[in-house]
Amino acid sequence: MISANAATELESRQSPHLVISHQDIADMRAALQGDGRFSTEFADRKSSVDLQIAQPIDVPLPKDSGGGFTHERHKKNYKLMYNAGVVFQLTQDSKYAAYVRDMLFAYADMYPTLPLHPARRKDKNNPGKLFWQSLNEAVWLVYTSQAYDMIVNSLSAAEKQRIEQGILRPIVKFLSVDSPATFNKVHNHGTWLTAAVGMTGYAIGEQEWVEQALYGLDKSGKGGFMRQLDELFSPQGYYNEGPYYQRYALMPFVTFAKAIETNQPERKIFQHRDGILLKAITTTIELSYDGLFFPINDAIKSKGIDTIELVRGVTIAYGLTQDTGLLDIAEQQQQVILTGDGLAVANALDANKQTPYQFRSLAFGDGADGKQGALVVMREQTLGDSAVVFKPAAQGLGHGHFDKLAWQFYDNGAEIVADYGAARFLNVEAKSGGQYLPENDSYAKQTVAHNTVVVDERSHFDGKVEVGNANHPELIFFASNEFGSISRGDIDSAYPGVSLSRTMALVALPDSEQPLLIDLFNVKSDAQHQYDLPVHYQGQLIDSNFKRNAFSESLTALGKDNGYQHLWLTAQSTPKAGLAQITWLNDNGRFYTQSSIVDGDTQLLFTRVGANDPDFNLRNEAGFIYRKQGVKNHTFVSVLEPHGEYNPSKEFTISAQSNVSQLRFEQIGEIEVVEVTLNNSGRYLLAINSQGIGMTTFNYKNNEYQFEGRFTLFKLHNQQ
């Protein structure tokens with residue numbers, strides 16, 4: 001806790017003193033005298049602000065939910081106030097401060113008598129007044145507190161009182177004392193609320209608000225920002241709800257932390273938990289591919305590293321670390337922040353100090369202790385640009401999906417094996433006010449919407465969030481060597497009496513032009529079940545090496561509930577025992593073939609999303625399902641192979657057929673072996689030691705093999 005003398009010092013600190021400090025302003029003003037990215041960005045920002053403040057101030061009575069006019073107007077207002085405040089500080093032109101003042105007067109006149117928002121969801125306990133939910137209200141205050149901090153020295157005592165009594169104090173009370181459940185919640189909503197209240201406390205000298213923001217309303221530490229830092233991130237900086245919400249939560253975390261650092265550097269907030277906030281920023285970067293975040297859980301697929309939350313995170317991180325790899329990301333973001341740290345980034349980019357950011361293969365432990373499973377990212381960059389996302393991770397709270405041990409695959413700049421993400425059209429009012437659609441629960445969260453085993457057409461944990469949050473997979477191992485990366489995850493609580501174990505390896509064969517993804521999914525039970533293993537792919541089906549019975553005149557839904565009701569059954573087949581191959585072409589111009597071992601009794605069901613969707617809320621994406629019925633134990637074995645090129649512009653096609661001609665799997669004691677035969681480059685043996693990392697010897701086809709570590713590749717001679 002802070003002393004009384006320190007509190008007095010904070011109250012008298014010269015503004016601005018939140019994310020932008022008084023010294024930052026001096027440095028930024030000096031930078032405007034020269035050329036460069038910073039002065040260019042300022043000129044553009046000032047021109048934009050000038051155009052907007054020439055219009056009448058518009059503070060409408062709240063009416064619409066996300067995407068509607070009043071919702072978007074209040075969003076524009078907080079951004080405009082913030083930007084006008086920055087321009088005021090850098091120009092000292094009083095018209096900008098007067099504009100912010102007058103808009104705050106309008107809010108101060110309206111807010112005290114506002115009821116709860118008319119478009120609020122009656123089934124939720126976090127309504128707002130300006131916006132349909134208190135989350136947006138907190139975002140408004142995070143920006144507005146900074147705008148106020150930048151103009152407060154230009155105000156008279158009466159003007160300050162009018163603004164503070166009319167809007168700042170009432171909104172703080174509404175977000176804290178009147179919303180205790182959300183304020184104290186360990187969740188991204190709680191983070192935004194505590195950041196908003198704490199930053200406003202710094203802005204107007206209410207240190208009590210800062211302490212409540214840091215430690216909860218009763219200051220016991222059972223809630224508040226510090227507990228959120230301790231519980232929402234794993235030791236590696238992975239956020240429990242996944243990359244999409246990590247991106248969103250990053251903004252209040254780094255913004256409030258920067259305000260804490262500016263006002264109370266003795267708290268050493270960026271050193272907390274071994275620098276957890278800096279790790280969170282770099283982890284957010286690592287959880288992206290080709291500029292977009294991996295869309296696990298309730299994710300919108302179009303969000304990427306250029307989102308403003310990560311722009312601010314990278315800017316603050318560079319200001320603290322001077323890591324030139326971060327400048328590479330900043331260059332890709334193509335945005336300059338008008339702060340002291342933003343000036344440092346702009347100057348460094350002007351001087352060409354950036355170095356390539358090195359993406360890595362990593363397992364990001366989940367949960368506060370990092371032991372509640374993990375999100376695994378395996379990258380292969382020697383043969384191209386491939387990435388696998390493997391998900392033996394925790395549930396992810398209410399935004400989590402029932403998809404334990406699921407996976408996604410990216411290659412050549414595109415999503416190949418897909419996760420649906422969220423069923424939502426963000427801020428499109430015509431689609432349920434931009435909120436989550438009913439199909440988010442009935443399809444997108446259900447297990448069949450993902451690339452993992454479904455037992456008896458029921459979702460993991462029977463689709464119950466509380467049960468999912470109480471259970472998690474175990475990361476058995478993750479390892480990398482000169483051949484690639486491999487990981488295994490297990491879970492025995494997704495279904496009663498059923499254990500699931502999956503091993504995935506992304507390997508580079510010495511004589512191959514593209515990597516191979518090898519997938520072993522083992523299911524065990526004491527009772528007979530139906531096991532479905534979906535693969536949802538992006539692209540156009542090209543061919544299969546077995547005959548398909550297509551339902552081209554009449555379609556029926558694959559099932560009645562748990563997501564199956566939303567899948568059209570478009571074709572089916574029961575391939576002969578041996579190798580079943582399905583090939584599709586992605587828009588990136590590359591072919592992909594899934595080669596699988598089948599036993600003559602495994603069905604292949606081809607599907608398309610869109611059944612029982614009268615409002616056309618779902619995207620019509622394709623997939624296929626391996627179905628094995630009436631068995632206790634089964635192992636699904638497959639290899640995904642990128643190959644060839646299709647170039648319609650230059651009118652040529654190369655290697656449209658798979659190079660995999662044979663696939664064999666065998667369990668030899670503790671060792672799992674997968675033999676892959678390629679048409680033009682020989683035979684390879686992947687050997688996996690799931691039990692340890694010491695020296696291992698095994699016999700395969702009357703030959704002895706020895707290796708050390710989790711896995712290795714052997715090239716086999718033709719006579720073996």
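The first residue of the sequence shown is numbered 1, and numbering continues consecutively from there.
Considering CG of Asn451 and CZ of Arg502, their distance stands at 7.0 Å, rounded to 0.5 Å. Taken from CG in Asn588 to CD1 in Ile416, the straight-line distance is 4.5 Å, to the nearest 0.5 Å. Here the CD atom belonging to Gln603 is positioned 15.0 Å from the CZ atom belonging to Phe624, to the nearest 0.5 angstrom. Within the model, atoms CG of Leu506 and OG of Ser487 stand 12.0 Å from one another, a figure rounded to the nearest 0.5 Å. We find the OG1-CG distance between Thr653 and Asn647 to be 8.5 Å, quoted to the nearest 0.5 Å.
Closest heavy-atom contact between Leu618 and Asp613: N-OD2, 2.9 Å.
Side-chain atoms of Thr583 and Asp543 form no donor-acceptor pair, as typed in the model, at a separation below 3.5 Å. No hydrogens or angles considered: nothing links the side chains of Asp419 and His536 as a donor-acceptor pair under 3.5 Å. Side-chain atoms of Asp411 and Ser386 form a donor-acceptor pair, as typed in the model, at a separation below 3.5 Å. Residues Asn188 and Glu241 have side chains that bring a donor and an acceptor to within less than 3.5 angstrom of each other. Under the 3.5 Å distance criterion, with hydrogens and angles disregarded, a donor-acceptor pair is assigned to the side chains of Gln530 and Glu457. Judged purely by distance below 3.5 Å, without hydrogens or angles, the side chains of Asn297 and His401 never pair a donor atom with an acceptor atom. A donor and an acceptor atom, one from each side chain of His643 and Ser658, are nowhere located under 3.5 Å apart. A donor atom on one side chain and an acceptor atom on the other are not found under 3.5 Å apart for Arg683 and Gln662. A donor and an acceptor atom, one from each side chain of Asp456 and Tyr495, are nowhere located under 3.5 Å apart. Side-chain contact check for Asp441 and Tyr436: no donor-acceptor pair (N or O, by modelled atom type) lies under 3.5 Å.
Seen from the ring of Phe477, Arg488 does not count as a face-on cation partner, given the 6.0 Å and 45° thresholds.
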Next item on the list: Decide yes or no on side chain to side chain donor-acceptor pair (under 3.5 Å) for Gln594 and Gln581, but give the supporting numbers first.
Entry: CA-CA 6 Å; Gln594 179 92 346; Gln581 294 184 303; over 6 Å; no
Next item on the list: Before giving the answer on side chain to side chain donor-acceptor pair (under 3.5 Å), spell out for Asp385 and Asn412 the whole-Å C-alpha distance, their side-chain angles and the decisive distance to 0.1 Å.
Entry: CA-CA 6 Å; Asp385 184 19; Asn412 197 30; over 6 Å; no
Next item on the list: Would you check, one step at a time, whether the test side chain to side chain donor-acceptor pair (under 3.5 Å) holds for Asn522 with Ser501?
Entry: CA-CA 5 Å; Asn522 187 259; Ser501 177; 5.8 Å; no
Notebook entry, point to check: After noting the C-alpha distance and the side-chain angles of Thr452 and Asp403, does the key distance pass the side chain to side chain donor-acceptor pair (under 3.5 Å) rule?
Noted result: CA-CA 6 Å; Thr452 186; Asp403 60 347; over 6 Å; no
Next item on the list: Start with the C-alpha distance between His187 and His399, add both sets of side-chain angles, then the distance that settles side-chain contact (heavy atoms from CB on, under 4.5 Å), and finish with yes or no.
Entry: CA-CA 11 Å; His187 184 273; His399 287 297; 4.2 Å; yes
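Phe483 and Phe711 have their aromatic ring centers separated by at least 6.0 angstrom. His634 and Tyr626 have their aromatic ring centers separated by at least 6.0 angstrom. Between Phe359 and Tyr357, the distance separating the two ring centers is shorter than 6.0 angstrom. For Phe409 and Tyr537, the ring centers are positioned 6.0 Å apart or more. Annotation: Phe698 is in aromatic contact with Tyr705 [ring centroid separation under 6.0 Å].
With hydrogens and angles ignored, the 3.5 Å screen pairs a side-chain donor or acceptor of Ser661 with a backbone N or O of Thr677. Between the side chain of Gln246 and the main chain of Ala280, a donor-acceptor pair closer than 3.5 Å is present. A donor-acceptor pair under 3.5 Å links the side-chain atoms of Arg619 to the main chain of Tyr420, judged by distance alone. Of the possible donor and acceptor atoms, none in the side chain of Glu675 sits under 3.5 Å from a partner among the backbone N and O of Leu685. At least one donor-acceptor pair under 3.5 Å links the side chain of His460 to the backbone N or O of Lys404. For the pair Asp366 (side chain) and Ala374 (backbone), a donor-acceptor distance under 3.5 Å is absent. At least one donor-acceptor pair closer than 3.5 Å links the side chain of Asn586 to the backbone N or O of Glu415. Although no hydrogens or angles enter the test, the distance criterion places a donor-acceptor pair under 3.5 Å between the side chain of Ser234 and the main chain of Tyr238. Remark: the backbone N or O of Arg379 is paired with a side-chain donor or acceptor of Ser361 at under 3.5 angstrom. Side chain of Gln667 to backbone of Gly669: a donor-acceptor contact under 3.5 angstrom is found.
Within 6.0 Å of NZ in Lys301 there are more than 12 heavy atoms belonging to other residues, nucleotides or ligands. In Gln657, the CD atom is not crowded: 12 or fewer heavy atoms of neighbouring residues, nucleotides or ligands sit closer than 6.0 Å. Other residues, nucleotides and ligands place more than 12 heavy atoms under 6.0 Å from the CG atom of Asn549.
Note: Phe636 and Phe521 have perpendicular aromatic rings, judged against thresholds of 30 and 60 degrees for the angle between ring planes. Between Phe294 and Tyr289, the ring-plane angle classifies as parallel under the 30° and 60° cut-offs.
Looking at heavy atoms from C-beta onward, Gln540 lies out of side-chain contact with Trp584 at the 4.5 angstrom threshold. Residues Asn699 and Asn703 are not in side-chain contact: their nearest non-hydrogen atoms beyond the backbone lie 4.5 Å or more apart. Residues Val507 and Leu713 form a side-chain contact, since some pair of their non-hydrogen atoms from C-beta on lies under 4.5 Å apart. In this structure the side chain of Leu678 reaches within 4.5 angstrom of the side chain of Tyr684, judged on heavy atoms.
The residue from Phe233, Tyr245, Tyr248 that alone fulfils the ring-ring contact (aromatic ring centres under 6.0 Å, His included) condition with Tyr239 is Phe233.
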